[in-house]
Number of protein chains: 2
Amino acid sequence: MNLSLDDIRQKFRDCGLKSTPQRASIYQALVNSTAHPTAEDLFAQVSPTYPMLSLNTVYYTLTVLGSAGLVQEVNIGHDRARYDANLSPHHHVICQGCQDIIDVMDSRLDSLAPPTGLPKDFDITSYQVAFRGYCGSCRQSQSPNKGC
Amino acid sequence: MNLSLDDIRQKFRDCGLKSTPQRASIYQALVNSTAHPTAEDLFAQVSPTYPMLSLNTVYYTLTVLGSAGLVQEVNIGHDRARYDANLSPHHHVICQGCQDIIDVMDSRLDSLAPPTGLPKDFDITSYQVAFRGYCGSCRQSQSPNKGC
DNA sequence: TCCTGTTTAGGAATGATTACTATGTAGCAA
DNA sequence: TTGCTACATAGTAATCATTCCTAAACAGGA
């Protein structure tokens, strides 16, 4: 997924969004990452190019891109928001040690039957599966006594 | 799920946890709720009985119960943590309007195949499916232009 | 009953996110 | 190209959930 700044400008235009250099860079940094960065991560990545960049702008941009549907929040812990510009249906594997998030694109997961027992008028628009566990390097330091 | 305070004391003892009135009340409030309350919610619920109760204590208690495996955090948004004492395998439906969370116990969801394409040494310990959508009363006010 | 280590409560600190506001600038129209 | 206007940016300050720190209280075992 390697969008040029021109591609991004076009995309913004298609969505009726103003295209500013900051906005384009932030989006580019997010699209080119698979690490589900935080606002702070994106700020650190774009800052060298735009030293005047404000963290506020990153938050504002993410909000705007979010409500345009170009970006979605991925919430792993309650501690800080992480963002994803991968819009194809996919799921996540989360390491409970280092909090890394890996994308999972397994088509078997894309057609789960809607759950039973819901209120009749509940309208389900999407779903995501979050797998949790420990990556290779975090396996040894796994905390014990869960389930007591 | 209606545990008496005696049941709870027993449960704490089994887990090697000290049993204090505050701790028992907080846990009882959580066990008897299906609403996935926040720390603040629990505080508000237990406060009338223990007017000296500190919100700190609620947080501390939830941490202790969490690491004993009696309670788990449910993270919906990044804004605040919500808690659940329902330990049987289950999944969640989240209303994107009012942020309500409904438990889903659908056994078909309890045996998903592990995802493909993971690093070999990744050890998956659990997974949860989060369905998102809008409940009856939030359907009309659903925000437009998602996906632009 | 007494002792000890854990729990509690209060206040202060932290850190992510949001609010406010003046200045800058993209995009449109003349 | 120029000028206008509304939206974007950046800086500072505010907010709010959560954590840290500490002294006093208390549960549970000796």
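Source: prediction; values computed, not measured. Proteins come first, then strands; the chains are lettered A, B, ... in the order of their sequence lines, and each starts at number 1.
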(message) Within residues 38-47 of chain B, which residues have any heavy atom lying less than 4.0 Å from an atom of DNA chain D?
(response) none

(request) Please state how far atom CZ in A/Arg23 lies from atom C1' in D/dA10, giving the value in whole angstrom units. (result) 14 Å

(request) Could you pull out the closest heavy-atom pair between B/Leu62 and B/Tyr83, with the gap in Å? (result) CD1-CE1, 3.5 Å

(message) From CG of A/Leu17 over to P of D/dA6, roughly how many Å is that when rounded to an integer?
(response) 18 Å

(request) When you get a sec, tell me which of D/dG28, C/dT17, C/dT7 is the closest nucleotide to the side chain of A/Ala81? (result) C/dT17

(request) Please report the closest heavy-atom contact between B/Val104 and A/Thr116, naming both atoms and the distance. (result) CG1-O, 4.5 Å

(request) Report the distance from atom NZ of B/Lys18 to atom C1' of C/dT6, rounded to the nearest whole Å. (result) 4 Å

(request) Would you jot down, in residue-number order, the residues of residues 49-65 of chain A having a non-hydrogen atom under 4.0 Å from DNA chain D? (result) A/Met52, A/Leu53, A/Ser54, A/Asn56, A/Thr57, A/Tyr60, A/Thr61

(request) Map A/Gln22 and B/Thr20 onto DNA chain D by nearest heavy atom, then report which one ends up closer to the 5' terminus. (result) A/Gln22

(message) By the side-chain hydrogen bond (donor to acceptor under 3.5 Å, both in side chains) test, which pairs, at least two apart or in different chains, include something from residues 42-61 of chain A?
(response) none

(request) Heavy atoms only: give me the nearest A/Gly136-B/Asp121 pair and the separation to one decimal. (result) CA-OD2, 3.4 Å

(request) Could you check how far CG of B/Leu5 sits from P of D/dA27, rounded to whole Å? (result) 14 Å

(request) Pick base, sugar-phosphate or nothing for B/Arg82, based on heavy-atom distances below 4.0 Å to the nucleic acid. (result) nothing

(request) Check the distance between C/dT17's P and B/Asp79's CG and give it to me in whole angstrom. (result) 10 Å

(request) Give B/Arg13 one of three labels, base, sugar-phosphate or nothing, depending on what nucleic acid heavy atoms sit under 4.0 Å from its own. (result) nothing

(request) State, to 0.1 Å, how close B/Leu5 and B/Ala24 come at their nearest heavy-atom pair, and which atoms those are. (result) CD2-CB, 3.9 Å

(request) Figure out the CZ/P separation between A/Phe12 and D/dA8, and round it to whole Å. (result) 11 Å

(message) How many whole angstroms separate atom CD of B/Gln10 from atom P of D/dA27?
(response) 18 Å

(request) Please determine, for the side chain of B/Arg80, which listed nucleotide (D/dA17, D/dG28, D/dA8) has the closest atom? (result) D/dA17

(request) Take the protein atom CZ of B/Arg9 and the nucleotide atom C1' of C/dT7, then report the distance between them rounded to whole Å. (result) 14 Å

(message) Angle between ring planes, B/His92 versus B/His36, binned at 30° and 60°: parallel, tilted or perpendicular?
(response) perpendicular

(request) First locate atom CG of B/Asp41, then atom CZ of B/Arg80, and finally report the distance between them rounded to the nearest 0.5 Å. (result) 6.5 Å

(request) Please report the C-alpha distance between A/Phe12 and A/Tyr27 in whole Å, then the side-chain angles of each, then the deciding distance to 0.1 Å, and finally whether the ring-ring contact (aromatic ring centres under 6.0 Å, His included) criterion is met. (result) CA-CA 10 Å; A/Phe12 285 174; A/Tyr27 183 62; 5.6 Å; yes

(message) Using every non-hydrogen atom in the two residues, find where A/Pro89 and A/Met105 come nearest and quote the distance to one decimal.
(response) O-CG, 3.9 Å

